[in-house]
Amino acid sequence: PFPTSAPCLVTVATMSRFRNKVDAQQAHIVSLRLAVVILALICTGLWYGWRSAPTDLTVHVPPDLRSGSTRKWWDVPPENVYAFALYIFGQLNRWPSDGEQDYRRAIYGLQSYLTPGCKTFLDGDYEYRKAAGELRQRVRGVYEVLGRGYSEDPALRVKQLDRDSWLVQLDLNADEYYAAEPVKRVVVRYPLRVVRFDLDPERNKWGLALDCYQGTPQKIALPGGEP
């Protein structure tokens, strides 16, 4: 005959086995819950990164792509800086009918492409010229001197001062007329300062701004021509 304690031993062993399985399942459930929490934190971080990423990214590409180009996304090619300075400065000095109205309109229309300090300087320049009688019925325009563009001497035209600023030298013909009579025709070298200006991509796609003059404009003489 079996001893009377054998059934009790079998029952205890069976209960211990069931308890171990329950403990293992509970530990597995805890690990799954921990994994869910970790995944939720990772998803939250990814969502935050997606929300904080810029919706638009301006990449400056050099105009001549025949040989290809590899550059960092934040780098601005000097030819783009030169083109920006030439275009904005040319528009500021384009007075098609009456400088008293056209100059003010140009400053206001291009203020997104000007630093606050340059905007203040140009407002003062407008008031000075107006008081001196240099704007009323004046027609003015500037244009690049032939043979003095960027491609002829890039090192002379654009000098990088630091990562976020450049010195651009424009050799321009400046013509002014009063009542259809020419009153000024000079060739001037304008030293302009251009800075990185990524404040409002909706109004300024260039990401650059004109910071007015880096030095005093100088009259220059062309070989075989009038000064």
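Nothing here was measured: the structure is a model prediction, and the numbers come from that model. For the numbers below, each heavy atom of this structure counts, side chains included, while hydrogens, waters and symmetry mates do not.
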| request: Could you tell me the separation between the CZ atom of R157 and the CD atom of E144, rounded to the nearest 0.5 Å? | output: 8.0 Å
| request: Would you check if the side chain of D98 reaches a backbone N or O of Q137 as a donor-acceptor pair within less than 3.5 Å? | output: yes
| query | Does any non-hydrogen side-chain atom of Y82 lie less than 4.5 Å from one of L170? | reply | yes
| message | How about OH on Y128, more than 12 heavy atoms from neighbouring residues, nucleotides or ligands closer than 6.0 Å, or not? | response | no
| Residues R185 and Y177: side-chain donor-acceptor under 3.5 angstrom | yes
| Close side-chain approach of I220 to V188, heavy-atom, < 4.5 Å | no
| query | How long is the gap from CZ on R105 to CG on L92, to the nearest 0.5 Å? | reply | 13.5 Å
| query | Just how far is it from atom CH2 of W166 to atom CG of N80, taken to the nearest 0.5 Å? | reply | 10.0 Å
| field | Over all atoms of both residues, closest heavy-atom pair of S97 and V139 | value | O-CG2, 3.7 Å
| How about L46: does its CG atom have over 12 heavy atoms from other parts shown lying under 6.0 Å from it? | yes
| Trace of the side-chain contact (heavy atoms from CB on, under 4.5 Å) decision for L210 with V194 | CA-CA 5 Å; L210 190 64; V194 176; 4.2 Å; yes
| How about I88 and Y113: do any of their side-chain heavy atoms sit closer than 4.5 Å? | yes
| message | Using side-chain contact (heavy atoms from CB on, under 4.5 Å), reason through C212 and L122 one step at a time and then give a plain yes or no. | response | CA-CA 8 Å; C212 285; L122 293 176; 4.1 Å; yes
| Taking all non-hydrogen atoms of both residues, which atom of P78 and which atom of Y150 are closest, and how far apart? | CG-OH, 3.4 Å
| query | Does the R189 side chain pair with the main chain of L172, one donor and one acceptor, at a distance under 3.5 Å? | reply | no
| request: Take atom OH of Y213 as the centre, draw a 6.0 Å sphere, and report whether it contains more than 12 heavy atoms from other residues, nucleotides or ligands. | output: yes
| request: Give a yes-or-no answer on whether the side chains of T120 and D123 include a donor-acceptor pair shorter than 3.5 Å. | output: no
| field | Flag side-chain contact, heavy atom, 4.5 Å: K119 against I107 | value | yes
| query | Does L208 share a hydrophobic cluster with Y87, counting links as ILVMFWY side-chain heavy atoms below 4.5 Å and allowing steps through other members? | reply | yes
| From Q101 CD over to L135 CG, what is the distance, rounded to the nearest 0.5 angstrom? | 10.0 Å
| remark: So CG of L156 and CZ of R148: to nearest 0.5 Å the spacing works out to 8.0 Å
| query | Would you say the side-chain atoms of D211 and T115 include a donor-acceptor pair closer than 3.5 Å? | reply | yes
| Audit row: Q26, V30, side-chain contact (heavy atoms from CB on, under 4.5 Å) steps and yes/no | CA-CA 6 Å; Q26 289 179 346; V30 171; 5.6 Å; no
| said: Between K159 and V168, does the side-chain contact (heavy atoms from CB on, under 4.5 Å) criterion hold? Intermediate values first, please. | reply: CA-CA 7 Å; K159 178 182 179 182; V168 180; over 6 Å; no
| said: Can you give me the closest heavy-atom contact between P217 and P191, atom names plus distance? | reply: CA-CD, 3.8 Å
| query | Are any of the side-chain heavy atoms of V142 and N93 separated by less than 4.5 Å? | reply | yes
| query | Is any side-chain heavy atom of P182 closer than 4.5 Å to a side-chain heavy atom of D175? | reply | no
| said: What's the separation between atom OG1 in T216 and atom OH in Y190, rounded to the nearest 0.5 Å? | reply: 12.5 Å
| task | Compare all side-chain heavy atoms of R129 with those of Y103 and state whether any distance is below 4.5 angstrom. | result | yes
| Under 3.5 Å, side chain of Y126 to main-chain N/O of E100, donor-acceptor pair present? | yes
| message | Minimum heavy-atom separation for A106 and Q91, please, with both atom names. | response | CB-O, 3.8 Å
| task | Report yes or no: do L167 and L86 belong to one cluster of Ile/Leu/Val/Met/Phe/Trp/Tyr joined by side chain heavy-atom distances under 4.5 Å? | result | no
| field | Heavy-atom check, side chain of P96 versus side chain of D102, under 4.5 Å | value | yes
| Minimum heavy-atom distance R196-R163, with the two atoms named | NH2-O, 3.1 Å
| Which heavy-atom pair separates Y178 from R136 by the least distance, and what is that distance? | CE1-O, 3.4 Å
